[in-house]
Amino acid sequence: MEKGFSPVGLRVLVVDDDPTWLKILEKMLKKCSYEVTTCGLAREALRLLRERKDGFDIVISDVNMPDMDGFKLLEHVGLELDLPVIMMSVDGETSRVMKGVQHGACDYLLKPIRMKELKIIWQHVLRKKLQEVRDIEGCCYDVGADWFTQAQFLGGGEDVSFGKKRKDFDFEKKLFQDESDQSSSSKKARVIWSYELHQKFVNAVNQIGCDHKAGPKKILDLMNIPWLTRENVASHLQVKLYPSL
DNA sequence: CAGAAAATAT
DNA sequence: GATATTTTCT
């Protein structure tokens with residue numbers, strides 16, 4: 001077991017596409033005397049992690065990022081590096097939290113995040129290390145298929161009435177699909193058109209001017225946002241230009 | 001590739 | 001249930 005484990009200097013990698021949160025988290029984490037590294041792109045994070053194997057102790061990542069689903073990142077990290085990963089998002093939607101945990105997140109934080117919560121994240125690092133020791137010492141786990149029963153229980157948790165077997169079944173079906181199908185290739189993350197982003201959009205449209213045709217392609221180029229797709233712009237354009245339809 | 005419309009997700 | 005965003009189809 002680690003003799004002198006200390007939360008001080010814990011190497012934390014923070015991943016969030018929102019630069020504001022990145023700054024805030026960095027500041028908070030540093031106050032906790034952690035060593036902080038931040039990055040705004042999931043891919044970048046993955047690159048850093050691969051580049052400096054054993055260079056971080058824990059990862060804190062936002063769930064929905066435009067360039068890559070946070071779950072995918074979580075999966076890769078857990079698989080390739082076996083580091084504890086904490087997921088975070090603004091909403092506490094049950095299905096997503098569940099998904100995060102199922103995919104190996106050691107914790108799920110809700111924004112806004114408080115110091116209190118960050119101060120104790122080192123426990124996950126320690127816990128993981130202790131767990132590894134146990135595993136090595138040969139402790140057998142009964143990997144019973146109880147999760148299925150539990151999922152059923154959780155699924156019906158919000159609606160505890162009988163006679164809804166059909167619905168429950170569908171729910172389980174979805175869970176299964178999550179586990180198998182897209183386990184490696186997650187769905188496209190939704191783009192959140194923040195004021196800032198919309199601003200860039202408008203800017204681009206203006207730059208193109210009234211004389212030229214402001215097609216999604218050109219707008220996209222002018223916005224110069226790496227992870228944004230033409231479709232994203234197209235749909236946004238559709239709504240902003242023909243609000244009534 | 002652009003635009004409309006249908007499908008989903010939040 | 002309304003709204004926001006994605007996917008599908010022409």
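FYI, side chains are in, hydrogens and waters are out, and symmetry mates aren't considered; it's all heavy atoms of this structure. Because the structure is a prediction, the values reported are computed rather than measured. To find a chain, count down the sequence lines: A is the first, B the second, and so on, and within it residues start at 1.
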- Looking at A:Arg190, does any N or O in its side chain come under 4.0 Å of the phosphate oxygens OP1/OP2 on B:dT8? no

- Query: In whole angstroms, how far is the C1' atom of C:dT6 from the CG atom of A:Asn64?
  - Reply: 15 Å

- Selected nucleotide, minimal atom distance to A:Pro216 side chain, candidates B:dG3, C:dT5, C:dT7: B:dG3

- Query: Any Lys/Arg nitrogen of A:Lys111 or A:Asp16 sitting under 4.0 Å from an Asp/Glu carboxylate oxygen of the other?
  - Reply: yes

- Task: Tell me whether the OP1 or OP2 atom of C:dT5 has a side-chain N or O from A:Asn232 closer than 4.0 Å.
- Result: no

- Task: Using whole Å, report how far NE2 of A:His198 lies from P of C:dT5.
- Result: 10 Å

- Item | A:Glu80 side chain vs A:Val77 backbone, donor-acceptor pair below 3.5 Å | no

- Query: Taking only N and O in the side chain of A:Ser235, is any of them less than 4.0 Å away from OP1 or OP2 of C:dT6?
  - Reply: yes

- Heavy atoms, side chains only, cut-off 4.5 Å: are A:Val14 and A:Leu29 in contact? yes

- Query: In terms of side-chain heavy atoms of A:Gln238, which of B:dA5, B:dA9, B:dG3 is nearest?
  - Reply: B:dA5

- What is the distance, rounded to the nearest whole Å, between atom CG of A:Leu237 and atom C1' of C:dT5? 14 Å

- Round to a whole Å and report the spacing from NZ of A:Lys218 to C1' of B:dA2. 12 Å

- Indicate yes or no for a side-chain donor-acceptor contact from A:Asp17 to the backbone of A:Pro66 under 3.5 Å, with no hydrogens or angles considered. no

- A:Glu231 CD - C:dC9 P separation (whole Å): 14 Å

- Message: How many whole angstroms separate atom CD1 of A:Ile192 from atom P of C:dA4?
- Response: 13 Å

- Within this structure, what is the NZ-to-C1' distance between A:Lys217 and B:dG3, rounded to whole angstrom? 16 Å

- To the nearest angstrom, the CE-P distance between A:Met65 and C:dT5 comes to 18 Å

